[in-house]
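As the structure lists them, so they are numbered: ligands from 1, and atoms in each ligand from 1.
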Amino acid sequence: MALIVQKYGGTSVGSVERIQAVADRVSKTIQIGNSVVVVVSAMGKTTDGLVKLAHDISKNPNRREMDMLLSTGEQVTIALLSMALQEIGQPAISMTGAQVGIVTEAHHSRARILHIETQRLKKHLNAGKVVVVAGFQGISSTEDLEITTLGRGGSDTSAVALAAALKADVCEIYTDVPGILTTDPRIVPEAQLMTEITSDEMLELASLGAKVLHPRAVEIARNYGVPLVVRSSWTDQPGTYVTSPQGRERELVNLELARPVDAIEFDLDQGKVSLLRIPDRPGVAARLFNEIADQDVDVDLIIQSIHEGNSNDIAFTVNMPILNRAEAVASAIAPALRNHVDADEAEVLVEKNTAKVSIAGAGMIGRPGVAAKMFQTLADAGVNIQMISTSEVKVSCVVDAEDCDRSISALCNAFEINSSHTAIVNTSPETPGVRGVALDMNQARLAIRQVADKPGMAAKLFGLLAEKNISIDMIIQSQRCRLVNGEARRDIAFTVAKIDAVNAQEKLTQVAREMGWGEVILDNDIAKVSIVGSGMVGHPGIAAKMFTALAAEKINIQMIATSEIKVSCVVSQNEGVKALQVIHAAFELAGNEKFVVPA
Ligand code: ASP
Ligand code: MG
């Protein structure tokens, strides 16, 4: 007999008929011999309606009262669903978050779950009842009983946390789409359903705007190894499985505060190739990386950023044994890429002894302090960072090989990790190189000119933004270096959420002035397109294919940043949709049928 946690979202319980349909599904699951805990959202758009009511009364409603109000939505659903179950002869009982004992931080409106008491739940399950639990809510402590909510969309998180606490066999998330799609079907109607995705890939896609799953729910699933399925409540289709590594046993305390970093990784045997002053026009990156892929050179990280004078720098890292081949390709192609605008010629720089050190773990999303802490730790160890790569589950820094050991021990210390290991990539040959494509139109780009090239600068910049809780993405330091007053300077560019951009620009302008750096430039007119897939590692040519698709449409790439499982390009905002479409097509992710987006 399996223990199953089923979660039904707002549209799945949007009407009496839908609630009855859910009751039927639950009862069928019981009849084939399972125990079921159901977690529900508020009916339809109830929560939005409650938010509106509050704002009709107050511009800035008291947060405690807001939680009191919003938690009522789920309470309606649990009672109705229990009645519907009882009506068809299935014993059931509804429970609020407080009744279960879902204990959260004492933060109203965005509390994280600390732990879940399971005795009461188990007692009812053992008595043969379905327990219907209100999602999205908890209590600050079993003494205070202050009602808290987890943040919008939080009932996914409730469900996965309950599954972790109960060590359930599976957590099924029922929604109004058939599962996780290769891209946004409103932009690409031929988007296809995935049968499977890893939790790391899902975290990337979720934070790039795929709304099907709350990223915090995926973090818990990954950390506790909870098997997760996303499927439609309207059909019996199998949906999409979200797979997680068989994690170590973790204690079921501080569920959502669990260490954001659970591993320190390194790759000692790397070299870096940079091409300086290559022309800023469509097709250049495609040409370069196609040549490289033709030589079967597997590149690891790639960065590209635009600079003054309409030219770009591109840099990439490869494993040492193929560095010579990579250099040969770059040198052969550089003259052909001569920039006619600039008098200067393209130049190839090779750095032989570099290493990549990374922090890895689920729990960095929305916590910019984690990356900032890594940069600060390296700065304190006197390590200069040459390249930075960020993803939702990993931050990597390329450093001098001779700094590698020092970096690792400092990081192990700072993040309280006992041992480090070389990055392990174990993807089976069937793992598709690219699982999904995402478009993020809500990012802006900031560039700071002429930042001193010495340890501590990234720590300073991103520490400052972390203090303001501003998350950064796609950090790129220029490869080109210039001397200002005898000091080496580089440009640093990165993307942030649009809503944070002006704030970030102000803060950075202030430091830039104090430190004597250059101006801080903001560009809101960008779009970020990304491909995600853990099978990219060890498959040369994937980035090249993405760049080629963009080049064929004459879309200029303004910025490139990669992680092990993601390649992101910044293009101009008005080319974003086209970019997504051509990339999705290039990787043959489209199906034959058009996906009908539920109204
Ligand atoms: N009802 C809450 C919301 O609309 C929680 C959820 O549905 O996940 O945000
Ligand atoms: Mg939801």
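The ligand atoms of ligand 1 that sit less than 4.0 angstrom from a heavy atom of G153 are 3 (C), 5 (C), 6 (C), 8 (O), 9 (O). For ligand 1 and S41, the ligand atoms under 4.0 Å from any heavy atom of the residue are 6 (C), 7 (O), 8 (O). Every atom of ligand 1 is numbered from 1 in the order shown, and the set under 4.0 Å from a heavy atom of R152 is 3 (C), 4 (O), 9 (O). Close approach of ligand 1 to T47 is summarised as follows: ligand atoms under 4.0 Å from at least one heavy atom of the residue are 1 (N), 2 (C), 3 (C), 4 (O).
Among G10, S158, G9, S155, the residue whose heavy atom lies closest to atom 8 (O) of ligand 1 is S155.
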Derivation of the salt bridge (charged side-chain N to carboxylate O under 4.0 Å, His left out) call for K52 and D48: CA-CA 6 Å; K52 182 169 182 305; D48 292 337; over 6 Å; no

Please walk me through it: do N574 and S572 pass side-chain hydrogen bond (donor to acceptor under 3.5 Å, both in side chains)? CA-CA 6 Å; N574 59 13; S572 75; 2.9 Å; yes

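Electrostatic pairing of E172 and K7 does not count as a salt bridge here, judged by no charged N lying under 4.0 Å from a carboxylate O. In this structure, R216 pairs ionically with E256, as a charged nitrogen and a carboxylate oxygen lie closer than 4.0 Å. Under the 4.0 Å criterion applied to side-chain N and carboxylate O atoms, D440 and K498 are not assigned as salt-bridge partners.
Counting heavy atoms under 4.0 Å from ligand 1, residue E74 touches it through the side chain alone.
Heavy atoms of G73 come nearer than 4.0 angstrom to ligand 1 in no pair at all. In this structure, K45 does not count as a contact residue of ligand 1, since none of its heavy atoms falls inside 4.0 Å of the ligand.
No donor-acceptor contact under 3.5 angstrom links the side chains of T243 and E196, judged on distance only.
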